[in-house]
Amino acid sequence: MNPKDTPGTESCSSSIFVHNPHLQEMKDDILYHFGFGTRTHNLPAMFGDVKFVCVGGSPWRMKSFTEYIAAELRLEDPKAEYPNICAGTDRYAMYKVGPVLSVSHGMGIPSIAIMLHELIKLLHHACCTDVTIFRIGTSGGIGLEPGTVVVTKQSLDATFLPKFEQVILGKTVVRNTDLDPSLAEELLHCSKELDQFETMAGNTMCTLDFYEGQARLDGAFCSYSVKDKQEYLNRASEAGVCNIEMESSVFAAMCKLSGLRAAVVCVTLLDRLKGDQLNVSPEVLHSYQQRPQILVGHYIKKQLKKKALCS
């Protein structure tokens with residue numbers, strides 16, 4: 001796939017919503033952090049067939065997912081070398097196999113928010129329709145066995161409220177963080193079909209920080225006691241929080257605004273009620289990290305098979 005194929009000039013219809021009237025006035029929309037532009041790249045030709053998008057923090061993990069899904073779908077040689085489509089920039093990595101797009105988003109709300117702005121515009125400019133998006137990643141569990149996969153029902157902030165707040169023009173804007181409940185149910189059903197690891201639905205707490213924001217005791221700074229930490233995590237558990245990570249709130253909010261059917265699927269690496277540091281072997285860690293890939297991969301394979309039967 002040549003990223004500089006002749007730019008498309010035809011108009012098209014997309015089910016991906018962008019709420020920005022200024023875009024219509026722009027002769028060229030430059031997706032700076034991806035290294036694409038609407039005048040320099042034929043986005044419909046490059047991405048118009050995308051039906052599933054998987055995003056995760058690590059470029060390596062997203063390339064690994066691409067290789068995995070290629071093998072599962074038997075679309076291309078899983079041993080082939082998949083090029084980074086965003087090789088012209090060092091901000092994010094992007095891979096594509098068939099109708100599946102895989103993109104890294106870095107760590108934390110600011111990084112994934114920047115990526116999502118450009119991803120949503122890319123899908124819109126590419127005339128994509130009926131797209132389902134997943135965030136796959138790792139998290140800290142609360143009262144769960146390590147290796148448990150959590151499918152998020154709602155993303156809660158650090159005060160246990162289902163909202164994402166952003167300051168725009170000096171004013172706080174509050175956005176909803178609900179995720180698609182039917183998609184979550186379908187993923188839970190897929191987990192039962194696989195019967196390989198524990199999977200559950202629950203609320204996910206999204207924080208602004210890995211250390212103090214998640215009540216860890218092992219950061220460079222800590223102004224609270226062990227008792228304070230345990231009380232806070234217990235309150236989180238009472239609010240239905242099953243796991244903690246740093247991206248789900250803005251992911252849920254932006255996907256809902258754009259009309260994207262979305263799910264967050266994260267594996268827990270440790271039980272935060274029992275400790276803060278990760279003390280497992282690289283082999284066990286790798287097996288845990290593969291679990292969200294396996295679950296989402298099964299869902300995608302099942303959906304494509306259903307579509308083929310209906311064709």
Side-chain angles (χ1 to χ4, degrees), residues 16-23 33 53 55-57 91-92 103-121 123-124 133-142 150-181 183-184 201-216 219 221-224 228-229 231-266 272:
I16 314 301
F17 300 109
V18 291
H19 301 272
N20 184 356
H22 305 292
L23 292 178
H33 300 89
V53 180
V55 304
R91 299 294 183 180
Y92 303 105
V103 191
S104 70
H105 59 60
M107 283 199 295
I109 287 172
S111 183
I112 191 175
I114 294 168
M115 187 281 292
L116 284 171
H117 271 284
E118 298 189 14
L119 175 64
I120 290 165
K121 291 198 297 176
L123 296 172
H124 176 76
I133 183 170
F134 306 89
R135 174 175 130 64
I136 56 176
T138 58
S139 63
I142 299 183
V150 177
V151 179
T152 302
K153 293 195 293 187
Q154 277 187 318
S155 176
L156 310 185
D157 66 12
T159 65
F160 319 134
L161 294 176
K163 61 188 175 85
F164 170 66
E165 293 187 350
Q166 183 168 4
V167 177
I168 302 173
L169 299 179
K171 298 178 181 179
T172 300
V173 175
V174 179
R175 289 173 174 160
N176 185 287
T177 57
D178 287 340
L179 289 152
D180 190 304
L183 179 56
N203 293 336
T204 296
M205 183 166 73
C206 182
T207 66
L208 302 177
D209 167 54
F210 183 79
Y211 287 98
E212 291 175 291
Q214 296 186 11
R216 276 184 157 82
F221 309 101
C222 183
S223 59
Y224 42 85
D228 294 334
K229 168 201 164 176
E231 288 179 348
Y232 177 73
L233 293 181
N234 284 328
R235 291 202 309 273
S237 180
E238 291 168 4
V241 174
C242 293
N243 63 330
I244 311 172
E245 47 86 90
M246 298 187 291
E247 293 88 15
S248 61
S249 63
V250 70
F251 175 83
M254 293 182 71
C255 290
K256 190 174 183 69
L257 277 173
S258 62
L260 282 165
R261 197 169 187 233
V264 176
V265 182
C266 289
R272 288 294 319 289

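All values below come from the heavy atoms of this structure, side chains included, with hydrogens, waters and symmetry mates left out. Along the sequence shown, the residues carry numbers beginning at 1.
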Among N203, I244, N234, the one residue meeting side chain to side chain contact (heavy atoms under 4.5 Å, CB included) with I142: I244
Please indicate whether L23 has more than 12 foreign heavy atoms, meaning atoms of other residues, nucleotides or ligands, lying under 6.0 Å from its CG. yes
Shortest non-hydrogen pair, R135 vs C266, comes out as NH2-SG, 3.5 Å
Return the set of residues passing ring pair (Phe, Tyr, Trp, His ring centres under 6.0 Å) with Y224 (not counting sequence neighbours), or none when no residue passes. none
Measuring from L119:CG to K121:NZ, what's the distance to the nearest 0.5 Å? 11.5 Å
Before you tell me yes or no, could you show the steps for H117 and H33 under side chain to side chain contact (heavy atoms under 4.5 Å, CB included), namely the whole-Å CA-CA distance, both residues' side-chain angles and the distance that decides it to 0.1 Å? CA-CA 10 Å; H117 271 284; H33 300 89; over 6 Å; no
Candidate list V265, V264, N243, test side chain to side chain contact (heavy atoms under 4.5 Å, CB included), partner V150, passing option: N243
Would the distance check show the side chain of T177 and the main-chain N or O of S155 forming a donor-acceptor pair, the cut-off being under 3.5 Å? yes
Output yes when a side-chain donor or acceptor of R175 lies under 3.5 Å from a complementary backbone atom of M254, and no otherwise. no
Between C222 and Y211, does the side chain to side chain contact (heavy atoms under 4.5 Å, CB included) criterion hold? Intermediate values first, please. CA-CA 9 Å; C222 183; Y211 287 98; over 6 Å; no
Can you confirm if the aromatic rings of Y232 and F160 lie within a centre distance of less than 6.0 Å? yes
Where do A262 and F251 come nearest, in terms of heavy atoms and distance? CB-CE2, 3.8 Å
Evaluate the side chain to side chain contact (heavy atoms under 4.5 Å, CB included) criterion for residues I109 and C206: first the C-alpha distance (whole Å), next the side-chain angles of each, then the deciding distance (0.1 Å), finally the verdict. CA-CA 9 Å; I109 287 172; C206 182; 3.9 Å; yes
Hey, what do you get for CG (N176) to NZ (K163), rounding to the nearest 0.5 Å? 12.0 Å
Check this for me: H19, atom NE2, are more than 12 non-hydrogen atoms of other residues, nucleotides or ligands nearer than 6.0 Å? yes
Nearest 0.5 Å, what's the CE-CD distance between M205 and E245? 10.0 Å
The side chain to side chain contact (heavy atoms under 4.5 Å, CB included) partner of L260 among D180, V53, I120 is I120
Gap separating the CZ atom of R261 from the CZ atom of F134, nearest 0.5 angstrom: 8.0 Å
Rounded distance (nearest 0.5 Å) linking atom CZ of R91 with atom OG of S104: 12.0 Å
L123/I133 under side chain to side chain contact (heavy atoms under 4.5 Å, CB included): CA gap, chis, key distance, verdict: CA-CA 11 Å; L123 296 172; I133 183 170; 5.8 Å; no
Of all heavy-atom pairs linking E247 and G106, the shortest is OE2-O, 4.0 Å
Supply the atom-to-atom distance H124 NE2 to S258 OG, rounded to the nearest 0.5 angstrom. 11.5 Å
Is it the case that the side chains of T207 and Q214 hold a donor-acceptor pair, with the cut-off being a distance below 3.5 Å and no angle test? yes
